[in-house]
Structure formats: C-alpha cells, structure tokens
4 protein chains.
Amino acid sequence: MGRKQLYAESELLDVTKRLVLNHGYDGFHLKMLSQHLPGARSTIYQYYANKEEIVAACMKRVISNVYEKVSAVDETDPMSALQEVLTIYVEESKLHQLLGDANKINTNNSEAAARDLAFIEKVHADLKVQLTRLIGRAQQEGKLRKEVPLPVLVGTFFNLFNTPNMLNAPALQWSQMLFDMWVGGSGQ
Amino acid sequence: MGRKQLYAESELLDVTKRLVLNHGYDGFHLKMLSQHLPGARSTIYQYYANKEEIVAACMKRVISNVYEKVSAVDETDPMSALQEVLTIYVEESKLHQLLGDANKINTNNSEAAARDLAFIEKVHADLKVQLTRLIGRAQQEGKLRKEVPLPVLVGTFFNLFNTPNMLNAPALQWSQMLFDMWVGGSGQ
Amino acid sequence: MGRKQLYAESELLDVTKRLVLNHGYDGFHLKMLSQHLPGARSTIYQYYANKEEIVAACMKRVISNVYEKVSAVDETDPMSALQEVLTIYVEESKLHQLLGDANKINTNNSEAAARDLAFIEKVHADLKVQLTRLIGRAQQEGKLRKEVPLPVLVGTFFNLFNTPNMLNAPALQWSQMLFDMWVGGSGQ
Amino acid sequence: MGRKQLYAESELLDVTKRLVLNHGYDGFHLKMLSQHLPGARSTIYQYYANKEEIVAACMKRVISNVYEKVSAVDETDPMSALQEVLTIYVEESKLHQLLGDANKINTNNSEAAARDLAFIEKVHADLKVQLTRLIGRAQQEGKLRKEVPLPVLVGTFFNLFNTPNMLNAPALQWSQMLFDMWVGGSGQ
DNA sequence: TATGAATGAGGATTCATTCAT
DNA sequence: AATGAATGAATCCTCATTCAT
C-alpha cells in the first residue's frame, strides 16, 4: 500500500556522506541534500527527523561498516593483521575526516542522534584499542622498534591513511606501499 | 586623527585563526568573532569589507609566515634541510587544516579575497615545489629509497605533521621523532 | 550612538498581549506580531531571543503589575479589601485567560522563558494565598457563610471577574455590582 | 461489501473534543488526532474533508447534545428549571471553552464547516434566549432581585459553570452548591 | 477503504551586512 | 572610528493535504 519510495534510506546516507565530506558539517544543508536526491526537501523528513539525525546515522553506518570488516581480521600474526587493517582503513580513508565533524552535532534536539553519537564514540574507541593491541603485540614480538613509545606508533599508523593517494593506485597496492614505508621508512 | 583603534588588525586575525581552526569555515561567524574581540560586531567592517576577506587575510598571513621561515632554510644538505623544514611545519601544524577550508571561500563578492586566495595557492604550490626539490635531491644523493616514487615520498612527508602529538612533546623534539620515523620506519 | 529604535520593548509586549488574548498562544505568530509593529520580523529578535521569551515576558509583566497593585491594598478590613482587590482584577480581567496559556510555553529552548514562567507561577500562587487569607478572615469575622467550604468561596470569587461585562459598565461600577452579587446573591 | 471501518465517526469526534479542549484549536493537529486513533493519518480524510470540518462537526455535536437535554427541561417553575439547566451545563462545563475556539475556524475552504458554524451560533443564541426567558420569569415571580439588570443575572449565571470544581464534587452536588451560592450569595 | 509517501505553504530563527547616529 | 538598530536572504522544520498503490 502507499506510494513507491523515491529513494532508499541508504541512498540518502550515501549522498549525505559525499556532501559532508565535500562541504563539512556546517556547510552541509538539507537544501543541498535534496538537490542531490529526487523529490522535495520536505520529503527528507519522512526518513529522519532533522539534520542532526541524518548526519549521525550516516557516520554510524560508515564506522559500523569499518568496524565489521576490521573485526573479521585474523589477528594471529599482528604484522599481517596490521597490513590487512590498513587496507580496510585506506578503502574508507575519509573516515577520520568524517568523524572529525561528529563533535559538531548538536544532540540537544534529538534522542536518536545522541544514541548514534554515543555508539560512534564507543566504536571509535574500540578501533583504537584494537590497533593499540596489535601494534603492542608486534612490538613485543620484536617486529617494531621498542624504543618508540606505543602512542607514537599508533599515532603515525592512524595518520597513515590520510596520506593523499597521489598515484591513484588501487587501494590494496596503495595500502601495501604505505605499510611498507611505515615499517621500513623512507631512508636508504 | 580621530579615535584610537580598538584593536590591531593582527589581533583580529589571531582570533580568526583560532576560531576557524576550532569551528571550521562554515562554523565561524562574525558574531562569534566579535564576542572574542572588544567592541561591537559592526566595528569589524572598519577593518575588512566582509567575512570572506577576513578569512582570506588570515590564511594569507599564516602561509606567508611559514613561507618566509621555510625560505630562510639553508638547503645545502637536503636531509638536514628537510628536518628543519619539518620543524617549521610542525610548529604550524594546523596549516593544512586551515588551508583545507580555503576552497570554501566564495570569491565572487570580493576582489581582495580573490587576490589573497590566488596568493595562497601560489605559495602553497611553491612549498610543494621546495619539498619536492629537497626530497628529490636527497633521493639522488642516495639518502632516500630510490624505488619509492617521488610523489609518494612527498605525500608521506607532507602528511607527517598532521600526526597528533599525543605525547605533547615540544615542537623540536616531536619533529625530530617524526623525522626519525619517516626516515627509519617503525620496523625493527 | 546607533540608530533610534523603531519601538520600545513595552510596545512590543502591549501588542503581544492583545494578540495572544485574541488568538491564543498557538495562534500567535511572530509574523503576526511584526505586522502589528513597524519594521521587519527579524527586528523582533533584537528584543527577545524567541517566541517563548516574548510571551513569557508579556505574561510576567501583566501578572507583576496586578501583583503590585494588589499588594498595596489595605487589608485591615477583609471585606473592603476584597472589594478593592476585585476592582483590580476586573481591570485586568483577561489575566486568567492569559495565564491559561502559560503552560503551553515550551521552556526547553530558553532559560529566560523558564525563569519568567517560574516567577509567574510563584506570583500566581501568592495571589491565591492572599485571596484565601482575606476570604478566610472574612469568614472568621462572620461576614461570609461558614458552612461553605473555603475553596468554594475562593473559586467563585476567582471566577467572578471572567463574567462578561455586558453592560460595558466602568470597571469600578462593574466590580461593585459583581461583588454585591457575590455577597448577596441573585435571590430576593 | 468493502472493508469494515476502522472506527466510528463518533469516536473520531470524541477524541477531537478531548484534544481541542486540552490543546486549543491551533494546538490541535491531525497528526495528533491520528495518534489517538487506529490507522493512518490520511485515513481521516475518508471521514472529513479537512481539519475545519472535523472541529466544526465536533462542536456541533457537543452543543446539539446540550441543546437537546436543555430543551427537555420542564420550565413550569423557572427556579427549579434553572437548577436543572445548570446541572446540564455543569456536566458539559467545557462547553464555553470549546465554543470559544469556534471563531477560529476558517470557513473559506469548506461549505460544510460554514454550515455547522452557522448552526452552532444559532443554537448558542437559542440557549441564551432560553436562559434569559427563565431568569426573566423568575425575576417577575419575585424570586430574583428586580434591581439587578437582566443581562447581569444572565451573565453571572452563564459564567457560573466555569468555576473550577476544586472539591471534585459529583456534577449534581456541585451544581446545587453553585446554584445555592448564585441565589443566596456568599454573605452571612 | 486504507495507507505510506510526497509535497508546498508557512512559520521560526540566524546571520552577514547596511544604516543612521 | 564606533556602534546599536534594522533588515533580507537563507535555512530549518511542521503540517494539512494530495497522490498512487
């Protein structure tokens, strides 16, 4: 019964992701969003109650997706696990940029947004924990320099995937190159 | 001679820089700016014709400053020059974040903003050229791995100073640590 | 310095009072308000942050005014005090209708509105207390029927001034007529 | 033949009455109404063409109901007739409050609402006529004070049933108490 | 008949900018 | 030069109503 939907919720979130990445949280408007979707602006409110909920849902979906993939990685060997994890992050390389806007979301108006944000923060912390665990183990096993403080190793690793992919290499190849440089360094 | 000015232009730009970094270009309002300065909101228009010009002038000043320091570096030995340059960038580590907002500035309303933006882009390109030159020479001199494509070396170097300084180390020390890891890698 | 104001805050509240009485809280719009004032709609926001604050301030002013007058009444003789108090209420006969909308004001968005509302409720309670005290004393002194429960006496008195003034009698005369009927009844 | 109706028209009007009383005409929404009924919001349009018609029909039903009961009262003795009439009004004590919103209904869009409103006004006038007739006769018969102008007697009587029933007495008892006070007054 | 989806009109609010003192 | 007041454009959001299944 009822009419056919003009677009699916997931399409809405896809477009939102693209626009928030291009324009930032404050530069993202529902007018803009509706211009990139069929139908009228007010139709968007059939899906989400307000701007905050849209962006929160979008971020939640992105980070959930990463979390799922990353949780499936076999951690037996920490170094190859790190390589695999890096590939996943490289594929979703804008994750950090997106999450950087998370704290701008005003959750006073919306329960749902508040819940999504709490979830996002939880998962974000979990991801850091996993990385710290893997890097710590690799260090223990003598694969990584012991004199470098763990937070620094984690920080440089986490920052790695922001590197602009100037060669436009495919994700896997690019991630291997980055990992290789992270481990081996640029020096001769 | 009229009244004394309420504040210097440089104060205005200092506050602007801080606020744009904290809130992003679209999250930055003149109301906000005036609340962090003495005097009324409308007084700001005695200094700059519009919001765009303020932010453009702010960015111009920051990048000019970096450019000046970086131009003064002795390039005789490329590796130590790179280390010195990195220190300068680390001191102004938010440079990239700030410049990331540059493309949001609408230059249709303002000649001055357009001119500033052109300048910013020019200097930005010059900085990359300098870095590419230094890294290229270091590679030639056998200090950096020859099989790594130059753009990748430049990219990872340029991305280096976005690494969050989790230890809150002083700039010089932090820059040395980052350089050491960039050259030597994290691996044992 | 600065321009001359188009209207005073008190004018704004006067118009608001009239409009809220005619159209009810939900029927009252800022568009409507601005159409009854000089200047643009957005100018209203120079005076109050939002609709809620306007209506709360309006109600606060009305009830404060009544409270002030009523507090000045000499309570030595409860019956003549009641007559005086009634005259004051009759002059501001729409008080109850106005306060009836007070509970519709959403105070989540506004500190100021919440404060004003709390004040309104406090004063409202004080007014009831005063009335109860006067009527109680009159009852004690044998001026009012002892077998009628005090709340009923208070209720009928408080309801008295909602009676439509069909004769358009002047306030004092009308209030005396109502008081006479309240005390003596309609019966022969 | 066809589906069974989700709910009866009278249920719809019952809920409408309750909601209009609680929230006022402008605070009453079809969304709200549908949330207190089974089925979807759009289903309401199977019963009534628009919001105006719903509220008009609701008010018409309420006032018709009162009119019917009040018409059945034996008017032989005006005083006991008045007492009986008062009981009926007390049972439907929110009548005035409801009718107070009648003038807010915009009848430009709807014939039916216009017709209902005309009916309401007619009956409202009839009710006043009946009351005036009864009170006039009681006055003639020497049961009510002759020096009090008839409109004042009618006005105070009509206003009587707005008195808040603070004791939560049953309707009959409450109405007797009010009548007693209206006739005999509060005084000793 | 029932309904989920779509929509446009309308009101709230913010903010850059201009005006007038 | 400084500023308080005024404003219009732009965004957010809600709601009555219509559409299409």
Side-chain angles (χ1 to χ4, degrees), chain A residues 1-7 26-34 37-54 106 109, chain B residues 1-7 26 28-34 38-54 106 109, chain C residues 1-7 26-34 37-54 106 109, chain D residues 1-7 26 28-34 38-54 106 109:
Chain A
M1 246 175 282
R3 278 204 236 180
K4 211 164 51 194
Q5 289 197 168
L6 284 175
Y7 47 83
D26 289 293
F28 168 79
H29 307 304
L30 289 213
K31 188 180 178 189
M32 188 185 256
L33 177 56
S34 83
L37 284 171
R41 201 185 335 178
S42 59
T43 303
I44 295 172
Y45 291 89
Q46 301 275 355
Y47 294 80
Y48 293 97
N50 50 48
K51 180 180 158 176
E52 284 76 32
E53 291 193 10
I54 296 171
N106 174 3
N109 306 320
Chain B
M1 319 222 247
R3 269 188 251 188
K4 204 178 71 182
Q5 295 205 156
L6 272 174
Y7 41 83
D26 290 289
F28 167 80
H29 308 304
L30 290 211
K31 193 180 179 187
M32 192 185 245
L33 177 56
S34 82
R41 190 169 10 156
S42 50
T43 304
I44 294 171
Y45 289 87
Q46 306 282 348
Y47 295 76
Y48 292 97
N50 51 50
K51 184 181 159 175
E52 284 76 30
E53 291 192 9
I54 296 171
N106 175 2
N109 307 319
Chain C
M1 249 175 281
R3 277 206 237 179
K4 211 165 50 194
Q5 288 197 168
L6 284 175
Y7 46 84
D26 289 294
F28 168 79
H29 307 304
L30 289 214
K31 188 180 179 188
M32 187 185 255
L33 177 55
S34 82
L37 284 172
R41 201 190 328 182
S42 57
T43 302
I44 295 171
Y45 290 89
Q46 301 274 354
Y47 293 80
Y48 293 97
N50 49 50
K51 181 179 158 177
E52 285 75 33
E53 291 193 9
I54 295 171
N106 174 4
N109 306 320
Chain D
M1 6 201 273
R3 267 187 254 189
K4 205 178 73 184
Q5 294 206 156
L6 272 175
Y7 42 81
D26 289 291
F28 167 79
H29 308 305
L30 290 212
K31 192 180 178 184
M32 193 184 243
L33 177 56
S34 81
R41 187 165 19 150
S42 50
T43 304
I44 294 172
Y45 289 88
Q46 306 282 348
Y47 295 77
Y48 292 96
N50 51 49
K51 182 180 160 176
E52 284 76 30
E53 291 191 11
I54 296 171
N106 175 3
N109 307 319

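Per chain, numbering begins at 1; letters A, B, ... match sequence-line order.
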How would you summarise protein contacts on nucleotides 16-21 of chain E per nucleotide, using B for base, S for sugar-phosphate only and - for none, with heavy-atom distances below 4.0 Å? BBBBSB
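- Shortest non-hydrogen contact noted between N106(B) and E52(B) is O-CG, 3.1 Å.
- Computed from coordinates, the Y47(A) OH to dG4(E) P distance equals 14 Å when rounded to whole Å.
- The distance from atom CG of D26(A) to atom P of dA10(F) is 18 Å, rounded to the nearest whole Å.
- Residue T43(C) places at least one side-chain N or O closer than 4.0 Å to OP1 or OP2 of dT7(F).
- In terms of position on DNA chain E, the residue among I44(D) and Y7(A) whose nearest nucleotide sits closer to the 5' end is I44(D).
- Between the OH atom of Y48(D) and the C1' atom of dA2(E) there is a distance of 18 Å, given to the nearest Å.
- Contact between L30(B) and I44(B) at its shortest, heavy atoms only, is O-CD1, 4.0 Å.
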Apply the test side-chain contact (heavy atoms from CB on, under 4.5 Å) to residues Y7(B) and T43(B): give CA-CA distance (whole Å), side-chain angles for both, the deciding distance (0.1 Å), then the verdict. CA-CA 10 Å; Y7(B) 41 83; T43(B) 304; 4.2 Å; yes
For DNA chain E, just give me the dot-bracket, please: Watson-Crick or G-U, both distances below 3.5 Å, ( ) intra-strand, [ ] crossing earlier pairs, | paired with another strand, . unpaired. .||||||||||||||||||||
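- For A40(B), the side-chain atoms get nearest to dG4(F) when compared with the rest of dG4(F), dA6(E), dT3(E).
- Of all heavy-atom pairs spanning N109(B) and N50(B), the tightest one is O-ND2, 4.4 Å.
- With rounding to whole Å, I54(A) atom CD1 is found 15 Å from dT11(F) atom P.
- Proximity of Q5(C) to the phosphate of dA5(F): a side-chain N or O atom is located under 4.0 Å from OP1 or OP2.
- What you find for S34(A) and R41(A) is that their closest heavy atoms are CB-CA, 3.6 Å.
- Judged by distance alone, the side chain of Y47(D) and the main-chain N or O of I54(D) form no donor-acceptor pair under 3.5 Å.
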